[in-house]
Structures are given as structure tokens and as C-alpha cells.
Protein chains: 2
Amino acid sequence: MTSNLINLFSLNVSSGIPIYRQLIDQIKQAIRMNLLNEGEQLPSVRNLASALQVNPMTISKAFTQLEIEGVLIRKRGVGMLVAEQQNTSISKQLESSLIQFIQTARKQNLSDDEINTIVQQYLSLHSKGKSQ
Amino acid sequence: MTSNLINLFSLNVSSGIPIYRQLIDQIKQAIRMNLLNEGEQLPSVRNLASALQVNPMTISKAFTQLEIEGVLIRKRGVGMLVAEQQNTSISKQLESSLIQFIQTARKQNLSDDEINTIVQQYLSLHSKGKSQ
DNA sequence: GTAGGTGTATTATTATATTAATACACCAAT
DNA sequence: ATTGGTGTATTAATATAATAATACACCTAC
């Protein structure tokens with residue numbers, strides 16, 4: 001049942017990126033790619049923990065964060081479900097703003113590396129992690 | 001001399017944001033606003049440390065990071081100078097399209113890593129000379 | 001209510017990041 | 001070479017974040 005869903009996720013313990021954050025990103029990614037759809041149930045905390053060889057609380061931490069962000073819905077005693085995704089419409093918006101940016105950058109003869117650098121600089125400049 | 005430059009910076013020790021990072025951001029901001037210009041010398045580590053009531057090494061850490069990023073130039077025995085700014089001169093149009101994109105992405109709760117990934121995906125997907 | 005599944009609050013442990021103390025290296029001018 | 005300025009490598013102390021252990025609470029089906 002859920003075992004094939006487990007294959008969506010793969011953790012890199014020695015990457016320096018916290019496990020719970022890798023999981024958060026991968027779940028979001030899976031939802032964005034429609035590998036996980038609205039109403040679908042995620043693998044249980046214990047299943048995931050066992051399959052990925054980490055502590056259940058680490059999984060739970062990721063789930064909790066995703067519930068706070070409105071990505072998942074917590075059903076106690078049942079499991080975590082994928083929430084309604086407002087993203088589809090916003091995704092178009094995101095895509096169009098990205099294309100707009102890349103086209104502008106290309107018109108100025110910026111290389112891909114330069115574009116990446118600029119994005120990274122702005123991300124760190126405009127503070128990360130916490131809202132500002 | 002440099003004392004008025006010191007007034008550019010103000011730290012919030014209880015904000016949760018690391019001191020050295022606050023300083024990094026504020027120095028970059030000052031450069032972007034032309035309050036600090038190319039070749040200009042920053043207040044010394046000890047001056048800043050004393051004025052801002054923090055350890056000199058904390059200031060030095062910020063300086064080192066900015067040197068790595070190419071924002072400042074280290075002159076040993078002399079001081080830190082503002083480097084030539086290549087990135088500040090990107091066009092307003094490019095900047096605004098980038099900000100637009102990042103804001104949209106952040107509204108979707110995308111992490112910095114995810115944003116970078118998406119940009120890279122689009123760059124290779126829509127790369128100039130290549131098919132696919 | 002019991003059994004067997006779900007997630008989690010609390011606490012402790014461990015790892016990492018941040019800050020600070022100290023002693024040192026570099027440079028320019030004398 | 002000495003003085004007085006610059007930044008920093010190394011180390012230690014501290015604060016914060018991430019992970020894990022345990023015991024618990026919730027829900028459904030029986």
C-alpha cells in the first residue's frame with residue numbers, strides 16, 4: 001500500500017542538511033509533481049522511520065511542520081493526509097515569474113552560472129529561514 | 001573618520017539572528033545603497049567590536065565571509081576595503097523580476113534549496129542552444 | 001473495553017553553530 | 001627593529017538545533 005510511497009524519499013544523512021528538512025522538501029516536491037495527490041495518505045511515522053532508519057520523532061517533526069504550513073492534514077489515530085493544494089494556480093504564477101526573470105537575465109547575456117549566483121545572493125541577502 | 005561609518009550598523013542581540021549575519025547583511029545593504037563605495041575602508045575590527053559591544057572575532061567572521069563572497073577586500077595590516085561591485089549594477093528590471101519570483105516562491109513555502117533547484121531545472125530545461 | 005493502528009508531548013542526548021579569549025601574524029611608518 | 005595600527009588562527013565556552021527514547025494520547029474496528 002504505502003510501501004511504494006516510501007520509495008519517493010531518500011535521505012542523505014551525511015549531507016549536513018537536517019533529516020527532517022530533507023523530508024519536508026521531498027514531500028513538497030512529490031506533491032508538486034503529483035506523485036502525492038490531495039487526500040492521499042502518507043506512510044505512517046513508524047513505517048517511514050523504519051524504512052529510512054531514523055527515529056519516528058524526526059519524521060513526526062517533518063509532518064508537524066508540513067501541517068503548520070498547510071501542506072498536510074493531521075488525523076490523529078489515522079494518519080497524515082495531503083491537503084488541498086492551492087498551489088496549482090500559484091504554480092503558474094511562479095513559473096511565469098521565473099520565466100520572466102530568466103528571460104530578462106538572458107537578454108543581458110548573463111550565463112547560467114551568473115544567474116544562479118545572483119539568485120543565491122538574493123536568497124541569502126533577503127534572509128532565509130525566518131520571515132522578515 | 002570611520003566613526004560615522006559605525007553608525008551605519010545596529011545589532012539586535014536578542015533577535016535570534018546571529019550577530020555576524022546581521023552585520024553581513026547590513027554591510028551589503030550599505031553597499032547597495034551607496035553608503036559604502038568602492039575602495040572605501042571599513043571601520044576596524046576593534047573599533048566596530050568596541051562600538052557594537054561584541055567580540056572582535058565576531059566582526060572578523062563577518063568580514064571573512066564578505067571577503068569570500070567578493071564584497072570586501074582584505075588588506076592585511078591595513079584594513080578591509082569595499083570591492084568593486086559587479087552585482088550591484090544589475091539592472092533594475094532584472095532585480096525586480098527576481099524579487100517578484102522569490103517572493104512568489106516564498107509565499108508557496110519553498111525553501112531556499114528548493115528555489116535554487118527550480119531555477120537550475122528551468123535553466124537547463126530552457127537552455128539556449130540545446131534541445132529538450 | 002480491547003487490540004492495533006495512528007501521531008506526539010516531554011525529556012534527554014548529541015551535534016552543530018555562535019560567540020568569546022588569547023596569542024599571534026601582517027603592514028606601514030618611524 | 002620598534003611602535004601602533006590592521007586582521008586572524010586556534011582554542012575554549014556557550015547557545016542553539018537536531019535527533020532519539022520513552023511513555024502517552026488519539027481513533028477505528030472489533
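Keep in mind that the numbers below use all heavy atoms, side chains included, and drop hydrogens, waters and symmetry copies. Lettering of chains follows the sequences in order, A, B, ..., and the numbering in each one begins at 1.
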### Query
Given side chains that start at C-beta, do those of A:I27 and A:F63 come closer than 4.5 Å, heavy atoms only?
yes

Identify all side-chain donor-acceptor contacts of residues 48-60 of chain B below 3.5 Å with residues at least two apart in sequence or on another chain.
| unit_1 | atom_1 | unit_2 | atom_2 | d |
| --- | --- | --- | --- | --- |
| B:N55 | OD1 | B:M57 | N | 2.8 |

Considering only nitrogen or oxygen atoms on both sides, find all protein atoms under 3.5 Å from nucleotides 28-30 of chain D and state each distance.
none

Taking atom [atom2] of [N] as reference, at what distance in whole Å does atom [atom1] of [X] sit?
X     : N      : atom1 : atom2 : answer
B:I59 : D:dT6  : CD1   : P     : 13 Å
A:Q65 : D:dT19 : CD    : C1'   : 16 Å
B:N47 : D:dG4  : CG    : P     : 16 Å

### Message
Using a 4.0 Å cut-off to any heavy atom of chain B, which nucleotides of DNA chain C are the first and last in contact, reading 5' to 3'?
### Response
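Nucleotide range with atoms under 4.0 Å of chain B: C:dT18 to C:dC27.
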
### Query
Sequence neighbours excluded, which residues qualify as side-chain hydrogen bond (donor to acceptor under 3.5 Å, both in side chains) partners of B:Q65?
B:E69

Which residues share a side chain to side chain contact (heavy atoms under 4.5 Å, CB included) with [X], sequence neighbours left out:
X     : value
B:E38 : B:E84
B:E40 : B:L5, B:L36, B:N37, B:V82
A:R46 : A:S44

Nearest-0.5 Å distance, [atom1] of residue [X] to [atom2] of residue [Y]:
X      : Y      : atom1 : atom2 : answer
B:M80  : B:E67  : CE    : CD    : 5.5 Å
A:I73  : A:L81  : CD1   : CG    : 6.5 Å
B:D112 : B:N116 : CG    : CG    : 7.0 Å
B:L98  : A:S97  : CG    : OG    : 9.5 Å
A:L42  : A:I6   : CG    : CD1   : 10.0 Å

### Task
Using the salt bridge (charged side-chain N to carboxylate O under 4.0 Å, His left out) rule, collect all pairs that involve residues 48-57 of chain B, keeping only residues at least two apart or in two chains.
none

#### Entry: Earlier contact from the 5' end, DNA chain D, for A:R46 and B:R76
B:R76

### Message
Go nucleotide by nucleotide along DNA chain D from the 5' end; which of A:Q53 and B:G79 gets its closest nucleotide reached first?
### Response
B:G79

Distance-only donor-acceptor pairs under 3.5 Å for side chains of residues 16-23 of chain A, two or more places apart:
| unit_1 | atom_1 | unit_2 | atom_2 | d |
| --- | --- | --- | --- | --- |
| A:Q22 | OE1 | A:N12 | N | 2.8 |
| A:Q22 | NE2 | A:N12 | O | 2.8 |
| A:Q22 | NE2 | A:S15 | OG | 3.3 |
| A:Q22 | NE2 | A:I17 | O | 2.8 |

### Message
Contact list please: residues 14-26 of chain A against DNA chain C, heavy atoms, distance less than 4.0 Å, in numerical order.
### Response
none

### Query
Taking five pairs at each end, how big is the angle between the two axes of the helix from C:dG1-D:dC30 to C:dT30-D:dA1, to 10°?
20°

### Query
From D:dA20, D:dA18, D:dC27, pick the nucleotide closest to the side chain of A:K61?
D:dA18

